[in-house]
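Structure, as structure tokens:
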Amino acid sequence: MELPPSAQALLEAIQYNMPIADISREQHQLINGSPESFIASLPIGLSLSKIFDERQEELFVDYFSQMANDLRIYSRSNDVSEIINIANEILTNALELDDAQINLVLTREIIRCMKHHKLHVDDAIIMKVRERSQQPITEQQEQLAQDPEKVTEHLIADLNKFGVDTGLAFCQFVGGELIFFTEQEVQGLLTMISHQPWSIDALLLLSLNADPKIADTAASVLSSLPAKRWESLGQRQYLTLIQLFGHDSVKNHLPAWQKSAMQYGKQTEKHQVTELCLSYPDGNHAILFNGLLINPTTKHAHVFGGVFRLGFGLVDSYFDANPVDTVQYKKMTAEMDSTVEAIQCDPGILRHILCWALDEQNEAFEPDTLHMLALFPSQWTEPQPFSLDNLASTCNFPGEHPDVIARGHLSSKLLVNIPLIETWTIAESIDPALETIRKVRNRYYLEHPEPYIKALALSGLITHYSKQEITPFSPSNLFIFAAAYALQAPDRMRKTFPLFDQLTELSIQQQAEYHPMAHGPQEIERPQGIVLHIELDNSRPKIWRRFTISNALPFIALHDCIQAIMGWEHQHLAMFITPFGHIDLDDESDTQAAYLPIGAVLQDPGDTIAYVYDFGDDWRHTITLEKLNTRNCTQPKVTAGNGACPPEDCGGIDRYKDLLKLSRRAPLNDDEREILDLFNMQDWDAKHFDKNEVNQRLKEEVPPIFD
């Protein structure tokens, strides 16, 4: 049976022992490019043959865990109920197979991954896996079951053997297995460990578990303990986190717990963040932070980190309970910097990032994340909604002011050097049927500015707290926050915003890769000359050319011809829009359609296509096939035309019309003359066209190709 491409790529990566970090961007996109790839991966894990070794099974879990995490993030803004239902159906059917046909170890790991990433798994599936995983009860186990004290002794001995000596370590040790426990078994387990010195912390952390069954049971066991046991409380901040993020049923216990903590618990010093670096890991308005925490009592250093994604909160985070030294941390940071540029920042930025992230958080945390949050000052973990004014004030920005907003529009072009900008393209979202580049810009950027306002504010925050050396290419807070305020202004649709022009240009260029021509290069039955008419849309007076060219020439050559005959200067990107798809003309592109013969698309008189040059100014041309000649054309040649080519970078057809009106006005003031001088339009003749001059340029730039 032929596997789907995503499943085939995943299987090959596992077969050849390729870690996620080692696969190419194309492989990653193929393996994990859509929610459907999550479904395609399930049969592989469920039936992974025993000929694969333990490392290969671990590789599958790594890949599947990433898929589950991406699906979890995707589910926050999309309905994935059908995907989850299909996944549960696949698991149910697989559990009907015998042991020779199903990899029960990986089935258990799949369920653990799904539950870890808050993806629903039917209780019947969990219980079925539990039943099939249970080993036969030995005579010794039967004897132990009749002596609860002996059972507890054996459990504690096992925990000590594995180095479980803190509440966090216990939660990490048993967290993945508790989903396979009944409520009575969870109650029994937690009761057995309740006499350990770290049990108060463990029970508090488990009271924050996403599963109400586990959270309520932990809260019940904790409330049954004597108040004096709170002497062993390690992190009082756990109580604050329960107040913020706990289930309502658990919060009912808080008054009694807080009273016991106040009476018997000891105050603990907050850990100190001494190092912090940030980076931009992907194209989803996210930042990755990585830092070093110092324990004030032991002086041990611990690594922590996470990913804050705008609109979603902390989508990933971790805390390493094992101490590290500064040298190790520096090495880790250097490795991170080699993959994605790491920005060293003042740790104070975390206060703003965490408060903002926690306000947008809409799912439960894992124990290590909760422990990490408990180590920070309490004001760092108070959820606060996004406020451009508050963040701007923090960064010493003057705030909303007419002059600042006006500057924000025009200076937004300077923000192209902000790393986060590279993640703002929307190639996959663009409707290929949109008629103009300007419509793309307006619909996908200016009509929905909220994510970009937040992203700009985040960039401004990072710039303010950055310890990196300022370079001439580093945009200042002034430009970043000015652009954010400009986007917040109600008249943004009527103003120039060069940053979005650039993003639209880049997105359209990338979009051609997602909607390429339906067919690749092909032979023309008989090369012949064709007469084409090209006109600059909405031009007054009309700017047009008529020229003869061979239908066997590729579109990349037609692009060169158009630049020569219209008078453009090859300063910007361009593309053709055809009934079969877009033709990408980026110089670095390997898109086959760029080498498609013209005659493969323009075949009959009356056929038309569009040519777009400079996605910011949006010079859109209509090309029409007027006539088929009997003989081939060895050298492109212009036969007629009208109108001067507009100046490059003058702002598009509407702005060009304004300049034409200005060029006819007399007298002019100094500012008006300066504007015309800028575009060399002092003595402009809008109707100028010299056929001989154009044909000479054609001979120089597009020499004969065919004999």
message: Among residues at least two apart in sequence or on other chains, which ones pass salt bridge (Lys or Arg N to Asp or Glu O under 4.0 Å) with Lys128?
response: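 Listed in chain order: nothing, the list is empty.
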task: Mind checking salt bridge (Lys or Arg N to Asp or Glu O under 4.0 Å) for Arg351 and listing every partner two or more places apart, or none if nothing turns up?
output: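 Per chain and number, Arg351 pairs via salt bridge (Lys or Arg N to Asp or Glu O under 4.0 Å) with no residue.
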Is the backbone N or O of [Y] less than 3.5 Å from a side-chain atom of [X], with the two atoms forming a donor-acceptor pair by type?
X      : Y      : answer
Asp98  : Gln101 : yes
Asp122 : Ala124 : no
Asp316 : Val307 : no
His302 : Asp320 : yes
Glu185 : Thr182 : yes
Ser65  : Val61  : no
Gln361 : Leu314 : yes
Gln328 : Asp325 : yes

- prompt: Got a sec, which pairs hit side-chain hydrogen bond (donor to acceptor under 3.5 Å, both in side chains) with one end in residues 86-97, sequence neighbours left out?
  reply: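 As it turns out, there is no side-chain hydrogen bond (donor to acceptor under 3.5 Å, both in side chains) pair with a partner in residues 86-97 once direct neighbours are skipped.
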message: Any donor-acceptor pair under 3.5 Å linking the side-chain atoms of Tyr74 with those of Asn69?
response: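 Absent: no donor and acceptor within the cut-off.
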Residues Gln272 and Asn295: side-chain donor-acceptor under 3.5 angstrom: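 No pair is found: no donor N or O on one side chain lies under 3.5 Å from an acceptor on the other.
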Taking side chain as C-beta onward, heavy atoms only, is [X] less than 4.5 Å from [Y]?
X      : Y      : value
Ile156 : Gln196 : yes
Leu178 : Leu189 : yes
Ile287 : Arg309 : no
Glu57  : Asn103 : yes
Met127 : Phe180 : no
Leu159 : Ile193 : yes
Val174 : Phe181 : no
Met18  : Leu59  : no

Spatial distance of atom [atom1] ([X]) from atom [atom2] ([Y]) [nearest 0.5 Å]:
X      : Y      : atom1 : atom2 : answer
Ser459 : His464 : OG    : NE2   : 14.5 Å
Leu456 : Lys454 : CG    : NZ    : 13.0 Å
Ser47  : Leu42  : OG    : CG    : 10.5 Å
Leu350 : Leu354 : CG    : CG    : 5.0 Å
Leu278 : Ile353 : CG    : CD1   : 5.0 Å
Ile480 : Leu461 : CD1   : CG    : 10.0 Å

Closest heavy-atom pair and its distance - [X], [Y]:
X      : Y      : result
Ala94  : Leu46  : CB-CD1, 3.8 Å
His247 : Asp211 : NE2-C, 4.4 Å
Cys171 : Leu205 : SG-CB, 3.7 Å
Leu310 : Pro451 : CD1-O, 4.1 Å
Asp165 : Ala169 : N-CB, 4.2 Å
Trp380 : Pro347 : CH2-O, 3.7 Å

message: Please determine whether side-chain contact (heavy atoms from CB on, under 4.5 Å) holds for the pair Ile44 and Leu106, giving the CA-CA distance in whole Å, both sets of side-chain angles, and the decisive distance to 0.1 Å.
response: CA-CA 10 Å; Ile44 293 177; Leu106 281 185; over 6 Å; no
Which atom pairs, donor and acceptor, lie under 3.5 Å between side-chain atoms of residues 365-374 and protein residues at least two apart or in another chain?
{"residue": "Glu366", "atom": "OE1", "partner": "His116", "partner atom": "ND1", "Å": "3.4"}
{"residue": "Glu366", "atom": "OE2", "partner": "Lys118", "partner atom": "NZ", "Å": "3.0"}
{"residue": "Thr369", "atom": "OG1", "partner": "Ser317", "partner atom": "OG", "Å": "2.5"}
{"residue": "His371", "atom": "ND1", "partner": "Tyr238", "partner atom": "OH", "Å": "2.6"}

task: Apply the test side-chain contact (heavy atoms from CB on, under 4.5 Å) to residues Leu358 and Leu244: give CA-CA distance (whole Å), side-chain angles for both, the deciding distance (0.1 Å), then the verdict.
output: CA-CA 10 Å; Leu358 295 180; Leu244 292 171; 5.7 Å; no
- prompt: Below 4.0 angstrom, N of the basic side chain to O of the carboxylate: do Lys330 and Glu275 qualify?
  reply: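 Salt bridge present between Lys330 and Glu275.
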Basic-acidic side-chain contact under 4.0 Å: Asp99, Arg132: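 Answer for the salt bridge query: yes.
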message: Could you walk me through whether Leu276 and Leu292 satisfy the side-chain contact (heavy atoms from CB on, under 4.5 Å) test, starting with their C-alpha distance in whole Å, then the side-chain angles of each, then the deciding distance to 0.1 Å, before giving a yes or no?
response: CA-CA 7 Å; Leu276 186 74; Leu292 205 60; over 6 Å; no
query: Should we say atom OH of Tyr318 is surrounded by more than 12 heavy atoms from elsewhere, each under 6.0 Å from it?
result: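 Check passes, neighbour count above 12.
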task: Identify, with sequence neighbours excluded, every residue that meets side-chain hydrogen bond (donor to acceptor under 3.5 Å, both in side chains) alongside Ser81.
output: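 Once residues adjacent in sequence are excluded, the partners of Ser81 under the side-chain hydrogen bond (donor to acceptor under 3.5 Å, both in side chains) criterion are Asp79.
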- request: For Phe64, enumerate each residue passing the ring-ring contact (aromatic ring centres under 6.0 Å, His included) test, keeping only those at least two apart in sequence or located in another chain.
  value: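 Applying ring-ring contact (aromatic ring centres under 6.0 Å, His included) to Phe64 gives Phe38, Phe60.
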task: Verify side-chain contact (heavy atoms from CB on, under 4.5 Å) between Tyr329 and Cys277, making sure each step is shown before the conclusion.
output: CA-CA 11 Å; Tyr329 175 76; Cys277 65; 4.0 Å; yes
query: Taking the six-membered ring for Trp, are the ring centroids of Phe376 and Phe304 within less than 6.0 Å of each other?
result: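 Yes, they do, as the ring centres are separated by less than 6.0 Å.
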- request: Verify ring-ring contact (aromatic ring centres under 6.0 Å, His included) between Phe289 and Phe308, making sure each step is shown before the conclusion.
  value: CA-CA 8 Å; Phe289 59 89; Phe308 168 34; 8.4 Å; no
